[in-house]
Novice: 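If you scroll down you'll find the structure; I have some questions about it.
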Amino acid sequence: MKGYIVDATYKILNNKAKVLLFGRSDSGEAFLTINSYQPYFYIKETSLKKAKKFASFEFKKTELKNFKDKKVVKILTDTPKELTTLKANFEEEEIETYEADLSFPRKFLIDHKINSLIEVNGDYELQEDIRIYKEPEIKPSTKEIKLKVMSVDIETDPKAKEIFSIAIVQDKFEKVLIVSDKKLKKAESFEDEEDLLERFFEIINEEDPDIITGWNFIDFDLKVIRERCKKLKVRFALGKGGADAKLIIRPGYFETSKVIAQGRQIIDLLNWIRDTTKLENYKLETVAQHFLKEGKLKDVPYSQMEEILKKDPQKIVNYNLQDAKITLEILEKSKVLELFQKKSTITGLLISQVKGSIASLDSLYLKKLHDRNYVAPSATYSNKEQRIMGGYVMDSKPGIYENIIVLDFKSLYPSLMRTFNIDPLMFGKKGIKAPNGATFSKEKGILPEVLEELWEIREDFRKKKDEQGRYAIKILMNSFFGVMASPSCRFFNLKLANSITAFAQFFIKKTAEMVEAKGYKIIYSDTDSIFVIAGKNPEKIGKKIEKEINKEITNFIKKEYKIKSHLELEFEKTFTQFLMPKLRGSSKGAKKRYAGLVKGKLDITGLEAVRKDWTPLAKKFQIGLLLQIFKKKDPTIYITKFNQDLLNKKYDD
């Protein structure tokens with residue numbers, strides 16, 4: 001059987017730990033695998049004598065080493081809880097641990113090299129339509145699996161103290177549960193909220209979704225449902241087989257609320273869309289209009305919901321059902337599920353965890369690290385006493401220009417990591433010296449190997465014209481630099497992270513020198529790109545510079561470092577008209593703020609017209625003003641008319 005892992009957890013049976021993997025098979029059936037697995041971490045072999053003085057534990061000698069080539073021993077316990085206690089005791093005695101922070105199920109998947117797609121071999125028994133495999137043989141798979149997705153939406157009184165109805169949509173199943181004494185289309189009516197909630201959880205168990213989603217789903221819908229469940233003494237049973245779920249509300253911008261429901265993933269589609277699509281706001285109406293060109297039903301004012309429930313409950317049913325259907329349609333149209341599922345199958349993380357860049361690197365890196373007989377340090381938060389070095393941004397030369405060509409390095413930071421073997425395991429060894437003094441061995445590192453494999457996957461996605469796949473890989477590769485600069489990462493090393501930006505600064509300056517040596521004028525450069533005055537035939541000149549500079553950089557790296565270059569400068573675009581503004585109240589040019597025409601369309605970076613902290617009026621005015629300039633018209637007439645229209649209340653909206 002081949003399948004996709006929806007949820008990974010564990011249970012203690014007879015005082016022994018068992019890993020439970022819930023998933024969906026290629027034949028559409030739900031499955032559960034149960035495997036014995038012993039919790040463990042490592043300490044240095046030289047620390048064993050000290051550790052034995054104050055704790056008794058099982059251990060095994062290994063051939064594995066830490067990054068300083070010191071041998072480690074494996075410390076084993078029966079349960080993850082015992083392991084956590086032992087880890088805390090060791091750290092109190094200043095005994096360094098390795099890989100002691102990894103969650104128990106994730107360590108199991110890393111050790112078995114499974115990235116979400118799994119092949120299961122063995123006998124199974126059928127319980128409530130779930131195939132249950134006990135101690136099966138498991139291995140990685142590559143077969144893509146379609147998941148079952150349920151959309152849920154609730155309607156409440158204005159203070160969200162009472163649930164009027166719950167809409168549920170999954171595949172061809174469409175139903176609204178409503179507190180009403182009337183018989184309604186596409187609805188089940190209930191005498192009270194308690195019966196409605198009981199039926200809601202019953203339907204979830206019957207329809208058995210892998211993913212339950214909605215709009216602002218966790219912080220509103222599920223929060224209200226859980227509060228009503230508490231009040232009415234109904235179990236909050238979102239999990240597989242009617243298992244109770246846990247809701248964790250995290251107010252604030254930097255943390256996301258979540259739900260832990262055995263065997264399922266609870267996803268707030270609002271967060272996924274916010275992470276992948278730039279919009280003015282993230283109201284369901286706005287997002288629906290963007291993706292579907294249609295929105296919510298308009299004839300049910302929220303303030304009148306209670307009155308409409310009494311007089312015409314069918315309106316509530318239709319309105320509620322439309323919201324649940326729209327959410328599912330946005331999920332399909334936006335292709336975010338495909339994107340996050342691809343990230344899951346690449347990294348090995350659960351679909352709800354793929355936003356975690358640190359966890360993604362762990363999953364990919366540790367599988368290869370163990371093959372080389374090394375173990376990683378445990379993740380411990382470190383204080384970042386210095387700031388990470390930024391990319392080089394040249395002082396711009398303000399003005400209005402024609403035919404500005406932009407050349408940029410394709411995935412600059414990942415390319416530098418591959419080229420100069422920037423890697424935690426190879427750090428501090430002789431071979432390659434970065435401009436900031438960091439050194440790396442020339443023996444191929446793990447991170448460059450991971451990046452090379454991701455590059456090949458991205459290229460395969462490109463050939464298949466799979467934009468979601470390409471985007472997933474791009475985001476993942478670009479995250480690794482930031483991860484190693486994060487104090488929360490087990491590989492945190494500021495000198496290593498700064499070696500990447502030091503190389504980036506060096507090569508963007510070097511590229512500018514090479515281009516200017518050919519007689520071209522550069523008006524700006526920014527981290528990984530240069531802006532060049534091209535004059536006539538900009539396309540021809542752009543391709544010429546691309547070819548010549550790539551050859552020169554390849555030769556320079558071969559001569560200076562005796563290694564192969566993976567840097568690739570690309571001719572990206574031509575601004576037929578271009579504005580580089582001055583800083584306000586200064587003759588100096590701005591940074592990361594410019595605008596121009598590319599193939600007749602406005603392309604704006606950093607100016608008010610594309611910033612969220614400016615009014616629609618300011619944006620409209622600036623766009624019009626830029627078009628006047630680029631069309632070489634006197635802006636005076638435009639400005640005067642705009643002011644007059646404003647005074648005449650044309651822009652009151």
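Because the structure is predicted, anything quoted here is derived from the model rather than measured.
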Novice: Would F200 and I225 count as a side-chain contact (heavy atoms from CB on, under 4.5 Å) if you check the C-alpha gap in whole Å, the side-chain angles of each, and the deciding distance to 0.1 Å?
Specialist: CA-CA 10 Å; F200 169 63; I225 289 171; 4.0 Å; yes
Novice: Rounded to the nearest 0.5 Å, what separates atom CD in E174 from atom CD1 in I168?
Specialist: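 Nearest 0.5 Å value for the CD-CD1 distance: 11.5 Å.
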Novice: Hey, what's the ring geometry for F503 with F420, parallel, tilted or perpendicular (30° and 60° as the breaks)?
Specialist: parallel
Novice: Could you walk me through whether S165 and L177 pass the side-chain contact (heavy atoms from CB on, under 4.5 Å) check?
Specialist: CA-CA 5 Å; S165 65; L177 312 180; over 6 Å; no
Novice: Could D210 and K148 be called an ion pair, given the rule that one side-chain N must be under 4.0 Å from one carboxylate O?
Specialist: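 No, this pair does not count.
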Novice: Taking the six-membered ring for Trp, are the ring centroids of Y365 and F491 within less than 6.0 Å of each other?
Specialist: yes
Novice: When you look at S344 and Y4, which way does the side-chain hydrogen bond (donor to acceptor under 3.5 Å, both in side chains) test go after all the steps?
Specialist: CA-CA 10 Å; S344 170; Y4 177 90; 2.9 Å; yes
Novice: Of all residues at least two apart in sequence or in a different chain, which pass the salt bridge (Lys or Arg N to Asp or Glu O under 4.0 Å) check with D466?
Specialist: K342
Novice: Are any of the side-chain nitrogens in E608 or R593 under 4.0 Å away from the carboxylate oxygens of its partner?
Specialist: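 Answer for the salt bridge query: yes.
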Novice: When you look at CD of E453, are more than 12 heavy atoms from neighbouring residues, nucleotides or ligands closer to it than 6.0 Å?
Specialist: yes
Novice: Report yes if the distance between the aromatic ring centroids of F578 and Y594 is under 6.0 Å, otherwise no.
Specialist: yes
Novice: Tell me every residue that passes salt bridge (Lys or Arg N to Asp or Glu O under 4.0 Å) with K146, counting only those two or more places apart in sequence or in another chain.
Specialist: none
Novice: Is it true that, when you exclude K573 itself, more than 12 heavy atoms of the residues, nucleotides or ligands shown sit nearer than 6.0 Å to its NZ?
Specialist: yes
Novice: Once the angle between the rings of F104 and Y10 is folded into 0 to 90°, is it parallel (under 30°), tilted (30 to 60°) or perpendicular (over 60°)?
Specialist: perpendicular
Novice: Relative to each other, are the rings of F575 and F531 parallel, tilted or perpendicular (30° and 60° limits)?
Specialist: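 Ring orientation, 0 to 90° scale: parallel.
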Novice: Just wondering, more than 12 heavy atoms not from K368 lying within 6.0 Å of its NZ?
Specialist: yes
Novice: Check A504 against L412 and note the closest heavy-atom contact, atom names and distance.
Specialist: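 Heavy atoms only, the tightest pair is CB-CD2, 3.8 Å.
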Novice: Run the salt-bridge test on K258 and D268 with the 4.0 Å N-O cut-off and return the result as yes or no.
Specialist: no
Novice: Hey, is the main chain of E546 close enough, under 3.5 Å, to the side chain of N550 for a donor-acceptor pair?
Specialist: yes
Novice: Is there a side-chain contact (heavy atoms from CB on, under 4.5 Å) between F108 and I138? Walk through the geometry before answering.
Specialist: CA-CA 11 Å; F108 176 83; I138 61 169; 3.5 Å; yes
